[in-house]
A.B. asks: 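Got a structure here, written out as structure tokens. Questions coming.
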Amino acid sequence: MCQLLGMNCNTPTDVRFSFSGFAQRAGNTGDHTDGWGIAFFEEKGLRHFVDHQRAVTSPVAQLIREYPIKSCNVIAHIRKATQGVTSLQNCHPFVRELWGRNWVFAHNGDLKAYAPKLHSHFRPIGDTDSERAFCWIMQELWKSHAGLPSIEELTHTLRDLAARIAPHGTFNFLLSNGEALWAHATTALCYTERRHPFPQAQLADEDLSVDFAHETTPNDRVAIIVTAPLTKNEEWTHFKTGELKVFVNGSCLSQPA
């Protein structure tokens, strides 16, 4: 299946270190070679890059590793196809507009017998179960709220929607509207929170380390969410099955069950 990477921060931060290790899983330390993508929020704007080539050799991925794009919310995905052909339109993350904001979604898993009724303007362009699920989530959010609700209200609604999709199979996903980042797990997902005093981190997939104390200020907070731990020497918290978490300003918010 695919792998996910998300970053949520309280100040614009570049994701090059984490993305460098993550991309190694697309041909070097893993076989997720059926395309990749990444999206960076900059206020209401969005930089969105996808490529059907594998991330470890893609020239576009090389650009991302070298270009210090700074963002408070980032979602990246490397694909190992279970449904849909290897093509640009099937590369995650997917993007839709709702309530005047960009929404970005990426999924790791395989949904069986999943054919929701879709109407309005939320329809898939490709032929993956992932994009169908995203379109349905956007449709149901639009139906449930007259306008952009609070993060707390959105989290409550998303928890209900995820529980309705998850019985169809594996449903690990990342979702962001630039204000927060939501993460849901049925199998594999974990996170770490980086804050002062910042450690020196060593990638698990590549011989590369960075001393974050030299790259940050004492007020910075960064949350990294990923399918499997990216570093050897940081503490990673694993999601429970069926758990949905929301990250705001680099911290995981406590939510009612």
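All residue numbers refer to positions in the sequence shown, counting from 1.
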A.B. asks: Determine whether His121 and Met138 make a side-chain contact, defined as any pair of heavy atoms from C-beta on separated by less than 4.5 Å.
C.D. replies: no
A.B. asks: Check side-chain hydrogen bond (donor to acceptor under 3.5 Å, both in side chains) between Gln200 and all other residues, then give those that pass, not counting sequence neighbours.
C.D. replies: none
A.B. asks: Under the salt bridge (charged side-chain N to carboxylate O under 4.0 Å, His left out) definition, can you give me all pairs with a residue in residues 181-192, not counting sequence neighbours?
C.D. replies: none
A.B. asks: Mark yes or no for whether Thr13, through its side chain, and Thr11, through its backbone, hold a donor-acceptor pair below 3.5 Å.
C.D. replies: yes
A.B. asks: Can you tell me how far CG of Leu181 sits from CG of Leu175, rounded to the nearest 0.5 angstrom?
C.D. replies: 7.5 Å
A.B. asks: Applying salt bridge (Lys or Arg N to Asp or Glu O under 4.0 Å), can you list everything that pairs with Glu153, at least two apart in sequence or on another chain?
C.D. replies: none
A.B. asks: Between Asn177 and Trp182, is any pair of side-chain heavy atoms under 4.5 Å apart?
C.D. replies: yes
A.B. asks: The criterion is side-chain hydrogen bond (donor to acceptor under 3.5 Å, both in side chains); which residues satisfy it with Thr57, sequence neighbours excluded?
C.D. replies: Arg54
A.B. asks: Given the rule in the side chain to side chain contact (heavy atoms under 4.5 Å, CB included) test, do Glu193 and Arg221 qualify, once you have shown the distances and angles that lead to the verdict?
C.D. replies: CA-CA 7 Å; Glu193 295 183 11; Arg221 295 194 305 274; over 6 Å; no
A.B. asks: What pairs of residues pass the salt bridge (charged side-chain N to carboxylate O under 4.0 Å, His left out) test when at least one of them lies in residues 161-179, not counting sequence neighbours?
C.D. replies: Arg101-Glu179, Asp160-Arg164
A.B. asks: Salt bridge (charged side-chain N to carboxylate O under 4.0 Å, His left out): which pairs involve residues 10-21, sequence neighbours left out?
C.D. replies: Asp14-Arg16
A.B. asks: Could you tell me which residues satisfy side-chain hydrogen bond (donor to acceptor under 3.5 Å, both in side chains) with Glu234, sequence neighbours excluded, listed by chain and number?
C.D. replies: Arg194, Thr231
A.B. asks: I need the full list of ring pair (Phe, Tyr, Trp, His ring centres under 6.0 Å) pairs touching residues 86-106, with sequence neighbours left out, sorted by first then second residue.
C.D. replies: His77-His92, His92-Phe94, Phe105-Phe134, Phe105-Phe173
A.B. asks: Give, for atom NE2 of His107 and atom CG of Asp129, the distance between the pair rounded to the nearest 0.5 Å.
C.D. replies: 5.5 Å
A.B. asks: Arg47: what forms a salt bridge (Lys or Arg N to Asp or Glu O under 4.0 Å) with it, not counting sequence neighbours?
C.D. replies: Glu42
A.B. asks: Any sub-3.5 Å donor-acceptor pair from Asp51's side-chain atoms to Ser58's backbone N or O?
C.D. replies: no
A.B. asks: Could you walk me through whether Asn108 and Leu174 satisfy the side chain to side chain contact (heavy atoms under 4.5 Å, CB included) test, starting with their C-alpha distance in whole Å, then the side-chain angles of each, then the deciding distance to 0.1 Å, before giving a yes or no?
C.D. replies: CA-CA 9 Å; Asn108 161 29; Leu174 299 177; over 6 Å; no
A.B. asks: Once salt bridge (Lys or Arg N to Asp or Glu O under 4.0 Å) is applied, do any residues pair with Glu97, and if so which ones, sequence neighbours excluded?
C.D. replies: none
A.B. asks: Can you list everything that forms a side-chain hydrogen bond (donor to acceptor under 3.5 Å, both in side chains) with Glu43? Sequence neighbours excluded, please.
C.D. replies: none
A.B. asks: Between Asn172 and Thr187, is any side-chain donor less than 3.5 angstrom from a side-chain acceptor?
C.D. replies: yes
A.B. asks: Within this structure, what is the CD1-CG distance for the pair Ile75 and Leu46, rounded to the nearest 0.5 Å?
C.D. replies: 9.5 Å
A.B. asks: Nearest 0.5 angstrom please: Ile64 CD1 to Ile69 CD1, how far?
C.D. replies: 4.5 Å
A.B. asks: Walk me through whether Arg96 and Gln139 qualify under side chain to side chain contact (heavy atoms under 4.5 Å, CB included).
C.D. replies: CA-CA 11 Å; Arg96 292 294 188 277; Gln139 172 182 285; over 6 Å; no
A.B. asks: Rounded to the nearest 0.5 Å, how far apart are OG of Ser71 and CE of Met7?
C.D. replies: 5.5 Å
A.B. asks: Working note: Ile165 + His184, criterion side chain to side chain contact (heavy atoms under 4.5 Å, CB included); need CA distance, chi angles, decisive distance, verdict.
C.D. replies: CA-CA 11 Å; Ile165 296 176; His184 177 268; over 6 Å; no
A.B. asks: Rounded to the nearest 0.5 Å, what's the gap from OH on Tyr191 to CD on Glu235? Could you check?
C.D. replies: 9.0 Å
A.B. asks: Do side-chain atoms of Arg123 reach the backbone of Leu118 as a donor and acceptor pair under 3.5 angstrom?
C.D. replies: yes
A.B. asks: Taking only residues two or more places apart in sequence or in another chain, which ones pass salt bridge (Lys or Arg N to Asp or Glu O under 4.0 Å) with Lys70?
C.D. replies: none
